[in-house]
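Just below is one structure, and these are the notes that go with it.
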Amino acid sequence: MPSFDTVCDPNMVEVKNAVDNSAKEIGTRFDFKGTSAAIELKDKEITLYGDAEFQLAQVEDILRNKLTKRNVDVRFLDKGPVQKVGGDKVRQVIKVRSGIASEDAKKMQRLIKDSKLKVQAAIQEDKLRVSGAKKDDLQAVMALLRKEMADLPLGFDNFRD
């Protein structure tokens with residue numbers, strides 16, 4: 001029975017490369033000389049540092065450009081609040097999404113059931129497996145999920161006949 005998995009996983013190697021390139025650019029840019037502007041990656045969290053919120057926005061813009069050049073979808077980024085760190089310095093933690101959250105998986109499962117296509121959707125940990133008798137139905141489900149869940153950077157893998 002044909003099936004595929006719906007996943008939401010970034011290429012962490014490319015994310016790390018984008019963060020490294022952003023840090024290099026921040027170190028060489030004239031407008032960041034003598035400031036506390038910096039960026040670092042730990043596990044699946046990117047931390048931005050700066051002297052003001054405006055500077056954080058500039059650092060984030062650099063990061064987004066580098067991610068886009070490396071074909072990493074910026075929808076993987078989940079921005080946290082801006083926090084004050086001693087004195088006039090600020091920081092912001094950006095989480096890199098990995099896996100489909102359970103409420104999103106349930107929403108996708110309900111969407112597939114309401115579509116009246118002859119497929120089954122099963123939640124398996126942080127992915128959603130869709131199986132059906134016809135490949136055309138599975139492709140219709142892919143198109144439906146891309147259209148309806150546009151805020152998530154969905155990927156489809158493990159396609160089997």
Side-chain angles (χ1 to χ4, degrees), residues 3-109 111-112 121 123-130 138-139 141-160:
S3 67
F4 68 88
D5 292 337
T6 304
V7 295
C8 184
D9 285 324
N11 185 344
M12 286 307 290
V13 173
E14 293 296 341
V15 171
K16 183 181 182 324
N17 289 339
V19 169
D20 290 345
N21 287 345
S22 299
K24 199 178 291 183
E25 183 174 331
I26 289 167
T28 59
R29 271 186 43 171
F30 178 75
D31 55 340
F32 289 137
K33 293 279 188 213
T35 65
S36 63
I39 185 170
E40 66 181 30
L41 174 70
K42 285 186 182 166
D43 296 326
K44 293 195 176 195
E45 287 187 348
I46 302 170
T47 309
L48 310 176
Y49 298 98
D51 290 337
E53 287 187 39
F54 174 73
Q55 201 171 51
L56 282 183
Q58 287 181 319
V59 172
E60 183 186 350
D61 188 45
I62 292 170
L63 175 65
R64 286 180 183 270
N65 287 337
K66 299 296 181 188
L67 286 170
T68 303
K69 283 181 182 175
R70 296 198 158 273
N71 293 325
V72 177
D73 199 328
V74 293
R75 293 179 293 179
F76 283 116
L77 303 180
D78 195 14
K79 288 174 40 173
V82 175
Q83 304 164 340
K84 292 222 178 253
V85 183
D88 59 347
K89 312 250 185 284
V90 290
R91 81 170 176 199
Q92 184 174 26
V93 176
I94 299 176
K95 289 185 167 69
V96 180
R97 283 189 202 168
S98 182
I100 299 173
S102 61
E103 62 269 1
D104 289 332
K106 288 177 185 173
K107 186 177 175 185
M108 286 190 285
Q109 194 174 26
L111 194 66
I112 291 168
I123 299 171
Q124 295 180 342
E125 294 175 22
D126 58 350
K127 58 187 171 187
L128 182 74
R129 173 154 298 163
V130 180
L138 295 180
Q139 289 173 339
V141 168
M142 285 181 189
L144 175 73
L145 290 176
R146 277 200 182 102
K147 180 181 173 213
E148 296 296 325
M149 303 297 285
D151 57 329
L152 288 177
L154 296 176
F156 305 102
D157 67 355
N158 210 7
F159 196 94
R160 297 188 178 154

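None of these values were measured; they are calculated from a predicted model.
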Do you know the tightest heavy-atom contact between Ile100 and Leu128?
CD1-N, 4.4 Å

Tell me the side chain to side chain donor-acceptor pair (under 3.5 Å) pairs involving residues 150-159, sequence neighbours left out?
Asp5-Asn158, Asn158-Arg160

To the nearest 0.5 angstrom, please state how far the CG atom of Asn21 sits from the NZ atom of Lys16.
10.0 Å

Stepwise side-chain contact (heavy atoms from CB on, under 4.5 Å) check, Gln55 with Phe32:
CA-CA 9 Å; Gln55 201 171 51; Phe32 289 137; 3.6 Å; yes

Determine whether Leu48 and Ile46 satisfy the following criterion, side-chain contact (heavy atoms from CB on, under 4.5 Å), listing intermediate values before the conclusion.
CA-CA 7 Å; Leu48 310 176; Ile46 302 170; 4.1 Å; yes

Interatomic distance, OG@Ser22 vs CG@Leu67, rounded to 0.5 Å, equals 6.5 Å

Could you walk me through whether Glu14 and Asn71 pass the side-chain contact (heavy atoms from CB on, under 4.5 Å) check?
CA-CA 8 Å; Glu14 293 296 341; Asn71 293 325; over 6 Å; no

Neighbour count above 12 (heavy atom, 6.0 Å) for Glu148 CD
yes

Could you go through residues 76-88 and list every donor-acceptor pair under 3.5 Å that involves a side-chain atom there, pairing it with any protein atom two or more places apart or in another chain?
{"unit_1": "Lys79", "atom_1": "NZ", "unit_2": "Glu60", "atom_2": "OE1", "d": "3.3"}
{"unit_1": "Gln83", "atom_1": "OE1", "unit_2": "Arg91", "atom_2": "NE", "d": "2.7"}
{"unit_1": "Gln83", "atom_1": "OE1", "unit_2": "Arg91", "atom_2": "NH2", "d": "3.2"}

Any side-chain to backbone donor/acceptor pair from Asp73 onto Arg75? Under 3.5 Å, distance only.
yes

Kindly give the heavy-atom pair with the smallest separation between Val90 and Asp51, and that separation in Å.
CG2-C, 4.2 Å

How about Gln124: does its CD atom have over 12 heavy atoms from other parts shown lying under 6.0 Å from it?
yes

Worked verdict on Asp20 versus Lys24 for salt bridge (charged side-chain N to carboxylate O under 4.0 Å, His left out)
CA-CA 6 Å; Asp20 290 345; Lys24 199 178 291 183; over 6 Å; no

Gap separating the NZ atom of Lys127 from the CE atom of Met108, nearest 0.5 angstrom
13.0 Å

Between the CG atom in Leu154 and the CZ atom in Arg146, the distance rounded to the nearest 0.5 Å is 8.0 Å

What one should report as the nearest heavy-atom pair of Val59 and Ala38 is CG1-O, 4.1 Å

Please report the shortest heavy-atom distance between Ile39 and Ile26, naming the atom on each side.
CG2-CD1, 3.9 Å

Step by step, would you call Lys44 with Ser98 a side-chain hydrogen bond (donor to acceptor under 3.5 Å, both in side chains)?
CA-CA 8 Å; Lys44 293 195 176 195; Ser98 182; 2.8 Å; yes

Nearest-0.5 Å distance, SG of residue Cys8 to CE of residue Met149:
9.5 Å

Separation between CD1 (Ile123) and CG (Asp104), nearest 0.5 Å, reads 10.0 Å

Of all heavy-atom pairs between Pro10 and Arg97, which one has the smallest distance, and what is that distance?
CD-O, 3.2 Å

Fit a plane to each ring of Phe4 and Phe156, take the angle between them on a 0 to 90° scale, and name the class: parallel (under 30°), tilted (30 to 60°) or perpendicular (over 60°).
perpendicular

Donor-acceptor pair, side chain of Arg70 and main chain of Val13, under 3.5 angstrom:
no

For Ile112 and Ala121, the nearest pair of non-hydrogen atoms, with its separation, is CD1-CB, 3.9 Å

